[in-house]
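What you see is a predicted model, and the numbers here were worked out from it, not measured in a lab. Numbers restart at 1 for each chain; the letters A, B, ... are given by sequence-line order, proteins then strands. All values below were derived from every heavy atom in this structure, side-chain atoms included, with hydrogens, water molecules and symmetry-related copies excluded.
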Amino acid sequence: MDYNFAEIEKKWQAWWAENQTFRVQTAPGRPKFYVLDMFPYPSGAGLHVGHPLGYIASDIYARFQRLRGFNVLHPMGYDAYGLPAEQYAIQTGQHPEVTTAANIKRYRQQLDKIGFSFDWSREVKTCDPAYYRWTQWAFIRLFNSFYSYEKNKALPVTGLVQAFETSGTDGLQVACGKEESFSADEWRAKSEKEKQETLMNYRLAYLGDMMVNWCAALGTVLANDEVVNGVSLRGGYPVEQKVMRQWCLRVSAYAERLLSGLDAIDWSASLKETQRNWIGKSEGAEIRLAIGSEGKREITVFTTRPDTIFGVTFMVLAPESEWVDALATDAQKAEVTCYVQAAKKRTERDRMSDRTVTGVFSGSYALHPLTGEPLPVWISDYVLAGYGTGAIMAVPAHDSRDYAFAKRFEKELRAQLGGKDPVVPLIEGCDVSSESFDAKEGIMMNSPQAGYPCGLSLNGLDVQEAIARTKEYIEKYDLGRIRVNYRLRDAIFSRQRYWGEPFPVYYDSSGMPQMLPEEVLPLKLPEVDKYLPTDTGEPPLGRADHWAWDSVRNKVAATADIDNKTVFALERNTMPGFAGSSAYYLRYMDPHNEKALVSRENNEYWRSVDLYIGGTEHATGHLIYSRFWNKFLFDLGVVCEDEPFKKLINQGMIQGRSNFVYRIRETNTFVSLNLKDRYDVTPLHVDVNMVSNDALDVDKFRAWRPEFADAEFILEDGKYLCGWAVEKMSKSMYNVVNPDDIVEKYGADTLRMYEMFLGPLEQSKPWDTNGIDGVHRFLKKYWRLFFENGTLAVSDEPATPQELKVLHRLIKKIQTDVENFSFNTSVSAFMIGVNELTELKCRKRAILQPLTTLLSPFAPHICEELWSLLGHAGSIADSVFPEYEEKYTLENRFDYPVSFNGKLRFKKALPLGISAKEIEAAVLNDEQSTKYLEGKTPKKVIVVEGKIVNIVV
RNA sequence: GCCCGGGUGGUGGAAUAGGUAGACACGCAGGACUUAAAAUCCUGUGGGCAGUAAUGUCCGUGCGGGUUCAAUUCCCGCUCCGGGUACCA
């Protein structure tokens, strides 16, 4: 009986589906385990062989945990909203829903062929109204919440209103856009509209005039993580800075918790590091500087180096800073305006590619807070409006950017400083003649003489002490305050697109946004005639005249105090891609609940994701947003865990391995790889599916394209060898390998094991079909272990110790490997084990049955088949993982009590059972070894394959 | 620039509380079975030198140092490759 993988795999996939083998339910009292993959965006290209890598790993882990007795939640779904479907719709007029549904169907077919143990009854699609209802619901909750730093959690806005009414902003510690202060009386004097506008400054979802990344080509704004190197992540179009009124999420309120939460979760160091950098906490001080001699107006700057205060020789404002207008003197006004205009026109990309130092003098002077000396105030685009206060104190000696600026405008600065050098070094022994000294180390010098004029001297302190001392001083004399700044900005939540979640928002007659009542959710995405923005530049939803309103009108009128005659205007923007993916892991816990995102009961059972597998590309997007979202829901009491993903593994990228043929110039003759240097050739990409072990199938090549039909070949050793290179896997490189083809040729079990065998899970590596034979051979060998002369020949004889040793060593190895996600070495271990059993001609149930259980997470189909051949009913998934016994696994290392005054280096490896005397006699009598053992007692003899190879003292 | 990874045979990769370097697999070479092919199985396979051979011996984990009886593993310096990030004060 041969290993007929096609038949076996079809049979068991159908069996699993029919019996709903992987369907799970909450089971209080039984330990749970939640294994999650990052759900895919179903693109039109289908899956290539790189996509399932993470899914295979998680599936192995899920099946493994199932065998160990855990109640395993292992769901899958689709991140179905996205730009490609919409752009395709714009080009073809096809509704994105139609193409998305088709793509999902195709994905599902491809996934099913690989034999994943997903519980499909819990499938989630972000474009499904039953799902995005809860995205809209969460948005409403965000809108109705603010963040209290005192309680360190989100609270209902009603509480904030109460506080305003009793004591205004007095004593409030809350997250807000811009800081403001008003009394209770002032609050009460505000009109309703004014009150609403004020509250926007505190809501966690708020409408704000934001400097946004506007991408004209895509016709929408983008979040910071969607912009890479000044161009859009999708499509690579230029992005410019622009102020627009947009919905935003106050992610920044959670900066500290997002940062400290990292300590408690098991993620890779590099991913945590990426998030830490993105959050970008920096501790420093805000210092106020008086403007002009009258000292009435003050500018605040932020610095992490208050110790360098005596090196400040000028100030710089961002071009967008609100102080620019006020500080530009009449004489400078024209020049300043010109500069600010020019800076505005520059896109993010221009700013990055062109690092020439530019700037303009405002005409005003600030006063040094300690020495009282005048500091010229400049304007330059190297200062960012969005970070700190949009203004800096420049310390050219100890900041490279300030240094560059000071050198560029040295002449002007010198004149403004009365001839003094703007570069004032403050650290002993530093050389600032050609560059600044940025390091935070050294001993301070050059403070003004003690007692004059401010009484602060930092001389002799090291930098850290000086920072602390200066901070103290600033607080004591009220020159500013100690302050922590974060790089993390609020997330812009509006997209001017069609294919996304509609906001549950309408605008009342005064133009203020109002939330729809939760009862009318979901607000469904309407039909439109075209997917482009309207002629007046409104988002595509502007094309839907009465959209949705008709269906919600009655419900709204019944539940809310809304004037039915008011002309309602629903929000025309839609939500961004990360909206739908921010809480999908919670929905899997209770996917059909119509009353709640997730019930308390289900949430308390499944709690959070125990293992999350996905790519690093989401480090600063999805993985920040969903942590934020989860923490918010945690504050609300909707979920019981503060962090959504306890452990996270990043699978590496699978790159493509392209093949080349070499065409002799001006001919239709192709020359094999190692002969190509003798000719003048041009390399040509050739479809990797026509190549096997780098040898070209010339017939397929001739049939590939008409122009190659009469191609000639110059062979070597009777073969045409192709060259190769590692490139991105893409259609244009002809290096896309489709998992369906592999499954058809070798079977899903081979694909699964080979993807794991390819190398460490977290490492990026090229796909190379060469070598898959080895894994396929292993499975055939495993199959043959059960048969003799074509019939099943598994006996019930007891196993020998030798056979048990093979089994138990393997159990132990697989267990530790799976725990460490070292699946590649597991596959090797299986190969070794099976080779040994083949050699021992072991066909015993006592060995093969547990071994099949052990192998089943990796190669589930063949194992199910063999399992049933052994006479078991039902799925192997219901069986129990075998335990290993120490006595069979400890054959390589053991304690060997010897005492001798010997030397170490052996002339030969020694046999087991040798006496101390014999060991002594066998070792080389050299100086090194003698030194090693001198005066020490050997503790352990390490024996490998029956021979002593080492003595540990 | 800064922060992470990582350099091991022809190839993918094993092995790090320091202890037989190259497991396992691919490829290659030779052999068996076949009219032949496919499939399967067996043997060899880091390099140099010596030997008919078993074998012996020296060199070998990017480069240069160091610690140690012992270094792919630890420390210092350099170099190359990959990833992340960047006027964040």
Side-chain angles (χ1 to χ4, degrees), chain A residues 2 228-229 268-278 280-282 284 301-306 308 316 318 351-352 355 357 380-384 386-395 398-402 404-405 438 485-489 616-617 619-620 650 652-653 655 657 693-695 717 724 726 754 757-760 762-778 780-781 784 822 824-833 835 838 903-906 909 924 926-934 936 940 942-945 947-953:
Chain A
D2 280 342
V228 175
N229 291 330
S268 72
S270 68
L271 186 55
K272 284 188 186 181
E273 198 55 30
T274 304
Q275 288 213 342
R276 283 195 190 103
N277 290 339
W278 188 260
K281 180 178 185 173
S282 53
V301 298
F302 175 74
T303 179
T304 55
R305 294 291 302 275
T308 60
V316 189
R351 262 180 134 162
M352 275 191 303
R355 288 285 174 88
V357 179
S380 173
D381 66 1
Y382 83 90
V383 175
L384 304 177
Y387 185 77
T389 62
I392 60 152
M393 56 177 222
V395 186
H398 299 293
D399 183 288
S400 52
R401 296 154 302 180
D402 298 343
F405 192 84
D438 290 15
N485 241 313
Y486 298 91
R487 201 188 85 110
L488 183 72
R489 320 262 180 95
T616 358
E617 66 271 22
T620 54
N650 291 121
M653 288 254 289
Q655 297 140 312
R657 187 179 186 277
N693 285 334
D694 290 335
D717 301 332
W724 60 276
V726 173
Y754 185 59
F757 186 65
L758 221 45
E762 304 195 47
Q763 188 178 303
S764 285
K765 58 237 163 192
W767 175 267
D768 183 358
T769 310
N770 299 344
I772 197 168
D773 286 332
V775 170
H776 192 59
R777 239 169 249 157
F778 157 77
K780 286 198 274 195
K781 220 173 197 178
R784 277 202 304 272
S822 179
N824 55 330
T825 52
S826 297
V827 177
S828 296
F830 277 120
M831 289 176 173
I832 296 167
N835 281 342
T838 306
K903 303 93 194 166
L904 179 69
R905 282 209 305 169
F906 301 102
L924 271 179
D926 72 4
E927 211 177 305
Q928 289 190 332
S929 308
T930 310
K931 207 168 154 195
Y932 170 55
L933 287 167
E934 215 164 19
K936 294 169 190 156
K940 190 186 264 187
I942 295 177
V943 182
V944 174
E945 286 165 9
K947 292 176 179 176
I948 297 174
V949 294
N950 190 24
I951 297 174
V952 179
V953 294

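- With RNA chain B read from its 5' end, the first of the two nearest nucleotides for A/Ala391 and A/Thr620 is the one closest to A/Thr620.
- Between A/Lys765 and B/G13 there is no side-chain polar atom (N or O) within less than 4.0 angstrom of OP1 or OP2.
- In this structure, the ring pair (Phe, Tyr, Trp, His ring centres under 6.0 Å) partners of A/Phe830, at least two apart in sequence or on a different chain, are A/Phe858.
- Comparing B/G47 with B/U34, their P atoms are spaced 34 Å from each other, to the whole Å.
- With rounding to whole Å, A/Asp2 atom CG is found 18 Å from B/A38 atom P.
- Taking the P atoms as reference points, B/C63 lies 11 Å from B/U72, given to the whole Å.
- A/Phe405 has its CZ atom 12 Å from the C1' atom of B/C87, to the nearest Å.
- Listed here is the closest heavy atom pair of A/His398 and A/Arg305: O-NH1, 4.4 Å.
- The residue A/Leu758 sits close only to the backbone: its heavy atoms come under 4.0 Å of sugar-phosphate atoms, none of a base.
- For the side chain to side chain contact (heavy atoms under 4.5 Å, CB included) with A/Tyr754, the qualifying choice from A/Ile772, A/Asp773, A/Val827 is A/Ile772, the only one to do so.
- Here the separation of B/C33 from B/C24, taken at their C1' atoms, is 27 Å to the nearest Å.
- Only the P atoms considered, B/U79 is 42 Å distant from B/A29, to the nearest whole Å.
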Using a cut-off of under 3.5 Å, enumerate the N/O to N/O pairs linking the protein to nucleotides 24-29 of chain B.
unit_1 : atom_1 : unit_2   : atom_2 : d
B/A25  : OP1    : A/Asn835 : ND2    : 3.4
B/C26  : OP1    : A/Arg777 : NH1    : 2.4
B/G27  : OP1    : A/Asn693 : ND2    : 3.3

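- Residue A/Ile832 holds its CD1 atom at 8.0 Å from CG of A/Asn835, rounded to the nearest 0.5 Å.
- Here B/A86 presents its P atom at 11 Å from CG of A/Leu384, a figure rounded to the nearest Å.
- Residues meeting the salt bridge (charged side-chain N to carboxylate O under 4.0 Å, His left out) test with A/Arg657, sequence neighbours left out: A/Asp694, A/Asp768.
- Closest contact between the side chain of A/Arg784 and the listed nucleotides B/G84, B/C41, B/C87 involves B/C41.
- When all heavy atoms of A/Ala318 and A/Val383 are compared, the pair lying nearest together is CB-O, 3.2 Å.
- Residue A/Tyr387 places at least one side-chain N or O under 4.0 Å from the OP1 or OP2 atom of B/A89.
- In terms of the side-chain hydrogen bond (donor to acceptor under 3.5 Å, both in side chains) criterion, A/Gln655 has no residue partners (sequence neighbours excluded).
- For A/Arg305 and B/A89, the CZ to P distance is 11 Å, given to the nearest whole Å.
- Counting only heavy atoms from C-beta outward, the side chains of A/Tyr387 and A/Asn485 approach each other to under 4.5 Å.
- Atom name C1', nucleotides B/C59 and B/G9: the rounded distance is 14 Å, in whole Å.
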- [ ] Classify every nucleotide of nucleotides 3-11 of chain B by which part a protein heavy atom approaches to under 4.0 Å, writing B for the base, S for the sugar-phosphate alone and - for neither, in 5'-to-3' order.
- [x] SS-------

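- Nucleotides B/G13 and B/U8, compared at atom P, are 9 Å apart to the nearest Å.
- Checked against side-chain hydrogen bond (donor to acceptor under 3.5 Å, both in side chains), A/Arg487 has no partners two or more places apart in sequence or in another chain.
- Taking 4.5 Å as the limit, some side-chain heavy atom of A/Asn824 sits within range of a side-chain heavy atom of A/Ser822.
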Review item, nucleotides 30-33 of chain B N/O atoms under 3.5 Å of protein N/O:
none

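- Spacing between atom CD of A/Glu762 and atom P of B/G83 amounts to 17 Å, rounded to whole angstrom units.
- Look at the P atom in both B/C75 and B/C26: the space between them is 37 Å, to the nearest Å.
- Applying the side-chain hydrogen bond (donor to acceptor under 3.5 Å, both in side chains) test to A/Asp399 and every residue at least two apart in sequence or in another chain returns A/Arg401.
- Between A/Ser282 and B/A89 there is a side-chain N or O to OP1 or OP2 distance below 4.0 Å.
- One finds no side-chain N or O of A/Gln763 lying less than 4.0 angstrom from the OP1 or OP2 phosphate oxygen of B/G83.
- Residues passing the salt bridge (charged side-chain N to carboxylate O under 4.0 Å, His left out) test with A/Glu273 are A/Arg276, sequence neighbours excluded.
- If you check every strand for non-hydrogen atoms under 4.0 Å, A/Asn824 touches sugar and phosphate atoms only.
- The distance between atom CZ of A/Arg487 and atom P of B/A89, rounded to the nearest whole Å, is 10 Å.
- To the nearest 0.5 angstrom, A/Met831 atom CE is 9.0 Å from A/Lys781 atom NZ.
- A syn orientation is assigned to B/G9, its glycosidic angle lying within 90° of 0.
- Look at the C1' atom in both B/G56 and B/U35: the space between them is 47 Å, to the nearest Å.
- Nearest-nucleotide mapping onto RNA chain B: of A/Pro766 and A/Val357, the residue sitting toward the 5' end is A/Pro766.
- At the heavy-atom level, A/Pro760 lies under 4.0 Å from the strands shown only through sugar-phosphate atoms.
- Taking a pair as Watson-Crick or G-U wobble with both distances under 3.5 Å, RNA chain B forms stems of 3 or more consecutive pairs at B:1-7 with B:79-85, B:10-12 with B:24-26, B:27-32 with B:40-45, B:46-50 with B:55-59, B:62-66 with B:74-78.
- Across A/Ser380 and A/Phe405, no two heavy atoms sit closer than the pair CB-CE1, 3.5 Å.
- Considering only residues two or more places apart in sequence or on other chains, A/Lys281 meets the salt bridge (charged side-chain N to carboxylate O under 4.0 Å, His left out) condition with A/Glu256.
- A/Asp438 is linked by a side-chain hydrogen bond (donor to acceptor under 3.5 Å, both in side chains) to A/Ser400, A/Ser436, counting only residues two or more places apart in sequence or in another chain.
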